[in-house]
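Each remark here refers to the structure printed beneath this line.
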Amino acid sequence: METSDDTITYLLKLGELTLKGGNRAGFEIILKRNLAARFKGTGAQITTSNGRFYVRCSPGAGGRVEEVLDKIMGISGWARTRVSGKTREELLKALVETAGEWAQRGLETFKVEARRTDKSFPMDSYQIRKEGGQAILDSIPLLKVDVHNPQVLIEAEIREKAYVYGMEKKGRRGLPSGTAGRGLLLLSGGIDSPVAGYMMISRGMGIDSVYFHAYPYTSDEARKKVVRLAEIVGSYSMGMRLYTIGFTAVQMRIKEKAPLAWTTVLLRMAMMECAEKIAKMRRYKCLVSGESLSQVASQTIENISCTESRITIPVLRPLIGMDKEQIIRTAESIGTYETSILPYADCCVLFSPPHPVLRGNPEEAGALYEQLELPGLIEQAIREAAVEKCSYPATGNAPST
Ligand code: ATP
Ligand code: MG
């Protein structure tokens, strides 16, 4: 491992991955592959040892590397570290330098924590904590020790080298993308479905999306907004494939033939049927939607039952028990909220009835749906689908076509 001054080293901690027993090696391989794909073009190198990942890069690439570490699923924390030789003097020097950096940023209290994998190192963990703390106090009189609630935890890990770092950043935790199969998200331009996609990504699922638009009743701006949302959500994973389906003919048929109160539920049923067909063709294991129980009329338990009554593939609804405030907070924190609230109507807004059915019965819904004779229109919409890859291209996670 290089220790030259112009190389930056980051140490990554793996969080939940460490709980995965026998599967752990496989999870680590996927995480490493995901990192490598995301670091493409930065020159960053990844090495692994004893449950730790190390990333080394040039200072110029640090910004991009940190952006990836901020977004990637499967790490519980990361820190830029000093890499020092394994003598007492070198270790104490690295501890003092690290503490000095934090003191410059205005922090006042610290604690030294030590872990020693290499038992041949001349100091044990207790000695590192004690002598390291003393060395820092001697060199930087402004700093004080606080063992209970330190502002900075300065950590030393003695492994093949000595690694010293202060106060790591939190990772997103979760599981690496690609460890939980692939799902197809019904992505609208709203607030909810991007959050639903993010939540499944955080459980290791590879997510691609299908968007139904009703051009010219919905604008090209509305479509671009969905592309942007796909880019943002895909940035937490390995990018996202977006299937855009023209649903105008289906909507017109529903408008012509169905009782007004039923139009929204029937449209949802058509969307689910169409999405299931794509999922079966492209081998997605489930659908994902942004439904949240009773948030709107089409999301009562009865109407949700209608919506999924004609399909057999599982539909995951990660927001089902969340309230709108929680969903909005997540949308803000993942960066989709600003885009979601842009004022371009999606197809459902244009066709929503003033007094929708609140507690639909799946049998009645099925009978009404049959009368619409949609299969031909849906087949045609799928044949004419536009497919695009949003954000990070060319990764091992891309679905087979
Ligand atoms: P969102 O904020 O995700 O649009 P919503 O609260 O507006 O959700 P609905 O409009 O009832 O709820 O939609 C419920 C779910 O159906 C959405 O979360 C999404 O998964 C899917 N959906 C709705 N409209 C579309 C669309 N035009 N294209 C793809 N999926 C859609
Ligand atoms: Mg919506």
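Along the sequence shown, residues are numbered consecutively beginning with 1. Indexing begins at 1, ligand by ligand and atom by atom, following the structure's order.
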When you measure from the heavy atoms of R268 to every atom of ligand 1, does any distance fall below 4.0 Å? yes

Pairing of K389 and E231 as salt bridge, 4.0 angstrom limit: no

Which ligand 1 atoms, with their elements, are less than 4.0 angstrom from a heavy-atom of G190? 1 (P), 2 (O), 4 (O)

R52 bridged to E157 by N-O distance under 4.0 Å: yes

Would you mind running through ligand 1 and noting each atom that sits below 4.0 Å from a heavy atom of I191? 2 (O)

So for Q295 against ligand 1, with non-hydrogen atoms under 4.0 Å, the contacting part is side chain

Note: L187, heavy atoms under 4.0 Å from ligand 1, region reported as backbone

Considering distance alone, does some N or O of K324 sit under 3.5 Å from an N or O of ligand 1? no

Note: ligand 1 atoms sitting under 4.0 Å from heavy atoms of V210 are 29 (C)

L319 near ligand 1 by a heavy-atom separation under 4.0 Å: no

Look at E101 together with R82 and state whether they make a salt bridge at an N to O cut-off of under 4.0 Å. yes

Against heavy atoms of S289, which atoms of ligand 1 measure under 4.0 Å? 20 (O)

Based purely on interatomic distance, does F212 place a nitrogen or oxygen under 3.5 Å from a nitrogen or oxygen of ligand 1? yes

Between E113 and R129 (salt bridge meaning N to carboxylate O under 4.0 Å), is one present in this structure? yes

Under a 4.0 Å heavy-atom limit, does T264 contact ligand 1 with its side chain, its backbone, both, or neither? neither

Give every donor-acceptor pair under 3.5 Å between a side-chain atom in residues 139-146 and any protein atom, sequence neighbours left out.
from, atom 1, to, atom 2, distance (Å)
S139, OG, A135, O, 2.8
D146, OD1, H148, N, 3.0
D146, OD1, N149, N, 3.0

Less than 3.5 Å between some nitrogen or oxygen of Y211 and one of ligand 1, yes or no? no

Less than 4.0 Å between a side-chain N and a carboxylate O, is that true for E67 and K71? no

Close-contact set for ligand 1 against S298 heavy atoms, below 4.0 Å: 11 (O)

Is it the case that ligand 1 has an N or O less than 3.5 angstrom from some N or O of L186? yes

Report the C-alpha separation of R116 and D124 in whole Å, then their side-chain angles, then the decisive distance to 0.1 Å, and conclude whether the salt bridge (charged side-chain N to carboxylate O under 4.0 Å, His left out) test is met. CA-CA 7 Å; R116 189 180 60 144; D124 64 20; 5.7 Å; no

For S193, which part has a heavy atom under 4.0 Å from ligand 1: side chain, backbone, both, or neither? both

Do K32 and E28 sit within salt-bridge range, that is, some charged N less than 4.0 Å from a carboxylate O? no

Which atoms from ligand 1 have a heavy atom of Q299 less than 4.0 Å away? 6 (O), 9 (P), 11 (O), 12 (O), 13 (O), 14 (C)

Students often mix this up, so state it plainly: with edges at 30° and 60°, are the rings of Y54 and Y163 parallel, tilted or perpendicular? parallel

N-O pairing of E131 and R88 below 4.0 Å: yes

